[in-house]
Visitor: 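Starting off with a structure, shown below.
Worth knowing before you read on, the calculation uses all heavy atoms, side chains too, and leaves out hydrogens, waters and symmetry mates. Chain A is the first sequence line, chain B the second, and so forth, proteins listed ahead of strands; every chain is numbered from 1.
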Amino acid sequence: MKSAIKTVAAVGALAGSLAFSGMAHAADTIKVGVLHSLSGTMAISETALKDVMLFLIDEQNKKGGLLGKKIEPVVVDPASDWPLFAEKARELIEKEKVDVVFGNWTSVSRKSVLPVFEELNGMLFYPVQYEGEESSRNIFYTGAAPNQQAIPAVEYLMSEEGGSVERWVLAGTDYVYPRTTNKILESFLKAKGVPAEDIMINYTPFGHSDWQTIVSDIKGFASAGKKTAVVSTVNGDANVPFYKELGNQGIKAEDIPVVAFSVGEEELAGIDTGPLVGHLGAWNYFMSVDSPENEAMIKKWHAFIGDDKRVFNDPMEAHYIGFTMWAQAVEQAGTTNIDAVRQAMYGQTAPNLTGGIAEMNTNHHLSKPVLIGEIQDDGQFATVWETDGVVVGDAWSDFLPESAKLTADWTYPWVCGNCEKPKHLTN
Amino acid sequence: MGPISRRLFALESRSGWIAIAILLVIGLFIVPALNLMVPEGSLFHISTFWVATLGKYLCFAILALALDLIWGYAGILSLGHGAFFGLGGYAMGMYMMRQIGDRSVYGNPDLPDFMVFLNWDSLPWYWWGFDQFWFAALMVVLVPGLLAFVFGWLAFRSRITGVYFSIISQAMVFAIMLAFFRNETGFGGNNGLTDFKDILGFNLSQDSTKVGLYVVTTIALLLVYMICRAVVSSKLGRLLIAVRDAESRVRFLGYSVTNAKLFVFTLSAVLAGVAGALYVPQVGIINPGEFTPAKSIEMAIWVAVGGRGTLFGAIVGAFTINGARTYLTGVAPEVWLFFLGALFILVTLVMPQGLVGVYRSIRSGELKDAIRRRIQRVDV
Amino acid sequence: MSVTNNADASRMRTVFFSILFVLLSLLAFSFPAHAQQNDAALNAALSDLNARSFKAKTAAVQALGVYGDARAVAALEALSEGRLYGRKSDKSVVIAERDGKIYRLTDPATGVSAGEATSRELKKIIANNKLRGLIRGVLGQLALSSSDSELRRAAVENVISSPTGGSLALLKSARDRETEDDIRARLETGIATLELGSDDPALRRAAVDRLADGNDPEIKSLLERRLLKNADGSFVESDAQVRAEVQEAVSRINDRLALFGLAEDLIFGISLGSVLLLAAIGLAVTFGVMGVINMAHGEMIMLGAYTTFVVQEVFRVTMPAEAFGFYLLAAIPAAFLVAATFGILIERGCIRFLYGRPLETLLATWGVSLILQQMVRSLFGANNREVANPDWISGAISIGGGVSVTVSRVYIVIFCLVVVAALAAFIRYSRFGLQMRAVTQNRGMASAMGIRTGQVDALTFALGSGIAGVAGVALSQISNVSPNLGQNFIVDSFMVVVFGGVGSLWGTIVGAFGLGIVNKFLEPVSGAILGKVVVLVIIILFIQKRPRGLFALKGRAAEG
């Protein structure tokens with residue numbers, strides 16, 4: 001009996017010391033929360049973003065940290081479980097007292113943590129292209145809004161250079177990002193005079209793996225004699241079997257180009273891109289872009305991760321821009337106080353890795369260039385078209401009637417993410 | 001003492017009552033007091049994070065009790081209990097969705113945002129009535145109960161038992177998950193229901209509301225525990241145990257096994273629905289992720305780890321596993337799945353009676369005897 | 001910023017260029033000697049390929065098409081295949097072949113070697129889809145007169161699929177020269193599609209007659225467009241008699257296409273069924289024989305897929321390029337061994353302590369599956385791994401009516417049948433198979449007869465796991481190779497086994513193909529998601545009727 005008690009006591013002491021070890025850190029560090037899934041379905045995409053955050057923090061610490069303090073990453077694993085995201089967000093802000101959080105990938109995970117960040121007045125940098133229709137005072141959206149990705153891509157395909165496409169298949173996974181994007185695109189295409197019978201919309205479940213019927217339907221739809229393109233908002237896991245089926249059924253990019261908004265270098269790394277040459281992607285960043293900043297960044301990244309085959313992609317660049325801006329804002333504000341840093345964020349600029357300067361707007365979205373690239377057989381994109389300058393990210397789409405009337409602006413006199421009238425003029 | 005209160009008192013042993021009383025005092029008074037009255041920064045302050053997290057665990061504990069009732073006592077392992085939990089949660093979520101009114105993003109007082117967004121012009125019939133709390137509360141009980149009744153009636157009538165039942169219950173939850181993922185089904189698709197503002201007029205982002213929900217959940221756990229205890233210590237409970245151990249014999253003895261199983265399965269589903277309804281306001285989101293088969297399997301693991309067929313073990317298991325998850329995903333984000341996986345294997349191999357079983361054998365000295373025997377054998 | 005140009009003007013320009021181009025190319029064919037002398041123009045066009053704007057590149061491609069000699073063809077092929085580079089030092093255009101870390105360069109104008117370079121010294125000349133389409137048409141027109149019938153066959157397809165203003169004349173002259181019957185038939189069809197727009201009603205009628213025999217959905221929609229009305233209310237097809245014939249032709253094609261549609265659903269169903277069967281067959285062994293619910297079954301498939309990846313990488317490094325395509329064959333035994341080894345470890349280390357407690361097994365193997373997933377994630381990273389389709393299983397076979405079967409799926413169906421047949425033969429004829437069947441039917445009696453049930457269990461589990469690993473080899477060809485791979489198949493596999501009847505191999509086969517075909521016939525009607533929901537509900541209801549599945553084992557074994 002005595003030995004059993006001893007064992008229990010020892011285990012308890014061990015657990016206790018583990019529990020309190022988290023609190024032993026000195027208070028003279030600046031804590032940055034990293035809220036990306038490291039297990040579960042989203043680990044495929046999000047693990048690389050955790051790595052890039054550790055890399056950026058390491059780089060900043062090499063430069064002497066911030067405000068004379070070292071930056072300390074606090075990594076947690078929300079395990080692709082949406083309620084757990086909310087719990088972990090609360091843990092980061094309330095228990096770990098982090099000064100900022102970089103994280104999330106899926107829309108639903110963002111929706112899950114949003115009330116927590118608003119309630120506790122935290123600050124989240126969200127790096128992934130998303131559906132828009134949101135502007136929170138506590139979130140900075142460093143990924144593309146629909147007008148920074150979907151609309152330019154479709155405009156390109158409609159142009160002579162892009163192949164004068166007249167017939168459209170909007171294929172997506174059934175969740176909010178494809179739904180919104182397709183809705184915006186449908187309204188945009190109709191405004192451009194595309195008749196309804198030339199638009200086919202198709203939704204599939206998450207992780208859809210048997211694409212035979214749908215690819216065959218697309219072929220059928222494309223046989224109407226008009227140039228046809230597929231706009232794909234198919235999500236993560238389902239893309240590999242989708243592209244493999246496209247390649248196997250002999251659909252060439254010259255005949256039916258597929259432009260995807262969720263397929264980047266990281267996703268292509270899992271596919272033999274030989275049969276996919278010419279299919280397109282629209283992003284704000286490509287790893288293949290030839291610029292000195294990009295080359296330097298990739299070199300440092302490979303040195304940090306110890307593997308020169310690892311790719312760098314758009315959401316990673318978004319974290320790079322977001323982190324650079326946040327660090328500058330903290331230096332300018334002279335504090336990590338959320339409200340002060342938020343004020344300092346507006347108008348903050350940072351160089352894009354592809355050239356030009358990104359700017360944080362008062363609607364919490366970035367101004368960034370838009371690039372359209374064709375997939376090459378080495379798994380990279382070759383830029384075939386880009387915007388002349390930067391495009392301002394729209395929180396609310398002009399192509400949706402109920403959203404066109406809303407404005408997001410977090411500076412006086414609006415101070416509101418979704419208002420039809422300035423909030424502080426009437427006061 | 002009247003006969004009813006005497007029966008009630010007889011549900012637990014003396015030490016059981018003492019344990020319950022101690023836990024209740026901690027749960028109902030000390031935790032809220034330390035959160036609301038002790039200033040932040042004090043060593044004794046319990047942060048809202050912990051209150052919210054404990055509230056979540058309590059919901060899981062209710063769910064685990066519901067599962068233990070059928071698995072531990074009737075031998076029915078449902079791998080689809082996430083369905084009942086989720087449906088209860090959705091019913092409550094629909095009520096809170098309707099409470100948002102015109103404070104939603106698009107400001108439409110009649111339709112939730114996602115319906116405005118999908119261009120629906122009126123509320124579908126299955127959303128009618130959910131602006132009333134009493135109706136939603138009724139549905140929390142009714143919808144999971146009805147589904148369980150129909151499913152159970154089909155299954156038990158055809159004498160589907162054991163692993164076959166487990167697998168088709170998994171098919172059920174998987175089918176519900178796929179259906180709820182569809183945006184056209186009308187429950188918000190993958191994002192589910194979120195952006196809740198208040199419940200019964202209380203603002204959900206206020207600490208006092210959170211503590212209130214936590215207290216309500218604690219009381220609910222006590223009540224559910226009592227209900228389960230009452231069921232298993234009744235004549236029906238003994239019949240169920242007999243069914244668990246030798247179903248055919250019970251049938252041959254003339255008992256209606258089907259009805260007994262159907263009753264307890266439906267009751268379990270209702271309790272799971274209640275757990276879901278309490279869970280949703282505390283985590284602020286309900287989406288089809290709750291219906292993934294993996295989550296339903298995990299629920300069974302809570303019960304197994306705590307010790308099945310003990311009721312109390314289900315609560316212990318739910319707290320242990322979820323506590324470990326909270327802790328390990330923060331401390332060891334890269335390797336916590338190894339711990340969790342190893343824990344499942346160890347528990348099933350080494351502790352077939354779960355943590356409660358280990359505790360009991362320590363108390364009764366069996367463990368010591370067993371170890372001594374093992375050592376002696378080695379010596380020889 | 002808008003990229004749309006004035007569409008009308010651009011169309012006019014395209015037509016003009018095409019006509020000019022065809023005239024010039026005809027000229028080029030007649031005077032090849034003249035063209036070859038004009039090297040200065042060739043060099044100018046080649047260096048224009050390295051222009052910044054796609055417009056200039058387009059003009060250069062067209063100019064090269066006019067030349068039509070071997071050097072221009074080589075340069076155009078290189079551009080379309082992404083082998084054409086600009087050398088940064090002297091801005092010259094070179095064809096580059098990768099050789100390890102360096103590139104071997106060829107000067108396209110002379111065809112001789114231009115030395116070597118590293119990737120930093122070169123900049124790839126990007127062709128976009130439009131340019132590649134143009135090159136395909138240009139090369140096709142050049143190859144129409146090739147002496148190689150395979151080249152001609154491909155060229156005909158290329159010209160028909162991207163026709164320009166002069167294609168009709170080219171196709172007609174090609175038809176007159178053509179000696180192969182099937183190519184001529186294809187040419188006739190291509191000519192007919194173009195003559196459908198002719199001014200002469202008689203020609204149009206002949207074209208409709210010719211096209212009515214086909215079963216190509218593209219031709220159907222081409223015909224259907226003849227039935228539409230113009231903006232001013234007049235018919236596109238002005239001749240009423242021709243219109244009636246078109247109507248007739250469309251309905252005939254439609255009838256045939258309906259049949260092809262059914263055939264397509266059936267083929268897709270069989271293909272999906274074979275995937276389900278592969279995923280489930282290992283489970284049928286472990287679940288059926290041992291009554292063990294192995295939740296880590298999906299992870300065995302995943303291990304097989306990762307083994308394929310490793311074998312592929314080994315082949316890439318150690319084998320000559322010609323042998324690379326056969327890595328898949330080597331992966332089959334490797335995957336079997338890896339998965340079977342893990343199977344034995346799991347059985348000896350965990351499951352054997354839990355016999356008679358199937359539900360506990362379920363939970364323990366769930367723990368195993370979590371560990372295996374995280375292990376793979378730690379070893380290989382969380383993202384997908386690339387497993388290439390070797391050439392011999394790439395591509396598709398067209399069976400007409402717009403229906404085509406992909407070669408990889410045909411192989412999967414065959415492979416799956418071979419695996420099942422081998423397994424069935426093994427169970428039926430081998431000594432171990434006999435013991436296995438004995439244990440399945442009556443464990444106690446088998447043990448009493450002297451069969452070591454423990455050993456049989458371990459080997460059975462290894463066999464089931466090994467087959468799951470082999471399934472992973474096949475599935476790596478059509479699916480993600482990621483740590484989550486197994487999770488995608490686990491629910492489906494259980495459904496197949498339970499639906500077919502536990503312990504019955506035959507039941508598993510019928511179950512898998514049945515579910516696959518039902519799913520594929522439902523999908524066009526109800527959509528992919530609802531189709532799956534309906535199938536699940538069907539299974540649940542079916543199990544009520546036959547609680548032991550389609551082919552239940554009789555006797556004591558059924559009293560689980």
Visitor: For the pair E374(A) (side chain) and N129(C) (backbone), establish whether a donor and an acceptor sit closer than 3.5 Å, ignoring hydrogens and angles.
Guide: yes
Visitor: Tell me, for L268(A) versus chain C, whether the close heavy atoms (under 4.5 Å) come from the side chain, the backbone, both or neither.
Guide: neither
Visitor: In a check of salt bridge (Lys or Arg N to Asp or Glu O under 4.0 Å) between K130(C) and each of E160(A), E254(A), E161(A), which one passes?
Guide: E160(A)
Visitor: For the pair T47(A) and N383(C), evaluate side-chain contact (heavy atoms from CB on, under 4.5 Å) and give the outcome as yes or no after the intermediate values.
Guide: CA-CA 8 Å; T47(A) 310; N383(C) 46 1; over 6 Å; no
Visitor: How long is the straight-line distance from CG of D265(C) back to OG of S216(A), given to the nearest 0.5 Å?
Guide: 8.5 Å
Visitor: So which residue, A224(A), G163(A), A222(A), A382(A), ends up with the most heavy-atom pairs under 4.5 Å with chain C?
Guide: A224(A)
Visitor: With a 4.5 angstrom heavy-atom cut-off, could you sort out which part of D174(A) is near chain C: side chain, backbone, both or neither?
Guide: side chain
Visitor: Go through E266(A), E245(A), H279(A) and name the one with the most non-hydrogen pairs under 4.5 angstrom from chain C.
Guide: E245(A)
Visitor: Do N488(C) and S209(A) make a side-chain contact, defined as non-hydrogen atoms from C-beta onward lying under 4.5 Å apart?
Guide: no
Visitor: How far does CH2 of W211(A) sit from CD1 of I478(C), to the nearest 0.5 angstrom?
Guide: 13.5 Å
Visitor: Looking at every non-hydrogen atom in both residues, tell me the closest pair between D272(A) and N389(C) and how far apart they are.
Guide: OD2-N, 4.2 Å
Visitor: Is D290(A) close to chain C through its backbone or its side chain, or both, or neither, when contacts mean heavy atoms under 4.5 Å?
Guide: side chain
Visitor: With a 4.5 angstrom heavy-atom cut-off, which part of S408(C) approaches chain A: side chain, backbone, both or neither?
Guide: side chain
Visitor: Roughly how far, to the nearest 0.5 Å, is CD of E386(C) from OG1 of T273(A)?
Guide: 7.0 Å
Visitor: At a heavy-atom separation under 4.5 Å, does R377(C) approach chain A through its side chain, its backbone, both, or neither?
Guide: side chain
Visitor: Any side-chain heavy atom of N384(C) sitting closer than 4.5 Å to one from I271(A)?
Guide: no
Visitor: Kindly compute the distance separating OG (S223(A)) from CD1 (I219(C)), expressed to the nearest 0.5 Å.
Guide: 10.5 Å
Visitor: Give a yes-or-no answer on whether the side chains of Q376(A) and K124(C) include a donor-acceptor pair shorter than 3.5 Å.
Guide: yes
Visitor: Testing the 3.5 Å rule here: is there a donor-acceptor pair between the side chains of Q212(A) and S271(C)?
Guide: yes
Visitor: Taking the side chain as every heavy atom from C-beta outward, state whether Q374(C) and L38(A) have any pair of such atoms under 4.5 Å apart.
Guide: no
Visitor: Within a radius of less than 6.0 Å around CG of D378(A), do more than 12 heavy atoms belonging to other residues, nucleotides or ligands occur?
Guide: yes
Visitor: Of the non-hydrogen atoms in S479(C) and V240(A), which two are nearest, and what is the gap between them?
Guide: O-CG1, 3.9 Å
Visitor: S404(C) and K219(A): which non-hydrogen atoms are nearest, and at how many Å?
Guide: OG-NZ, 2.9 Å
Visitor: Taking N248(A)'s backbone N and O only, do any of them form a donor-acceptor pair with T406(C)'s side chain (distance below 3.5 Å, no angle check)?
Guide: no
Visitor: Please identify, among R409(C), K520(C), Q487(C), E523(C), the residue contributing the most non-hydrogen atom pairs under 4.5 Å to chain A.
Guide: R409(C)
Visitor: If you look at every heavy atom in F54(C) and V384(A), which pair is closest and at what distance?
Guide: CE1-O, 3.4 Å
Visitor: Quick one: CG on N480(C) to CD1 on I44(A), what's the gap to the nearest 0.5 Å?
Guide: 6.0 Å
Visitor: Restricting to side chain to side chain contact (heavy atoms under 4.5 Å, CB included), what partner residues turn up for K299(A), sequence neighbours left out?
Guide: none
Visitor: Chain A: which of I267(C), V387(C), N128(C), T58(C) shares the most heavy-atom pairs with it under 4.5 Å?
Guide: N128(C)
Visitor: Where on S476(C) is there a heavy atom nearer than 4.5 Å to chain A: the side chain, the backbone, both, or neither?
Guide: backbone
Visitor: Is it the side chain or the backbone of L272(C) that comes within 4.5 Å of chain A heavy atoms, both, or neither?
Guide: both
Visitor: Quick one: of G207(A), S45(A), P205(A), who has the most non-hydrogen atom pairs under 4.5 Å with chain C?
Guide: P205(A)
Visitor: Please round to the nearest 0.5 Å and tell me the distance separating atom CG of D255(A) and atom CZ of R132(C).
Guide: 11.0 Å
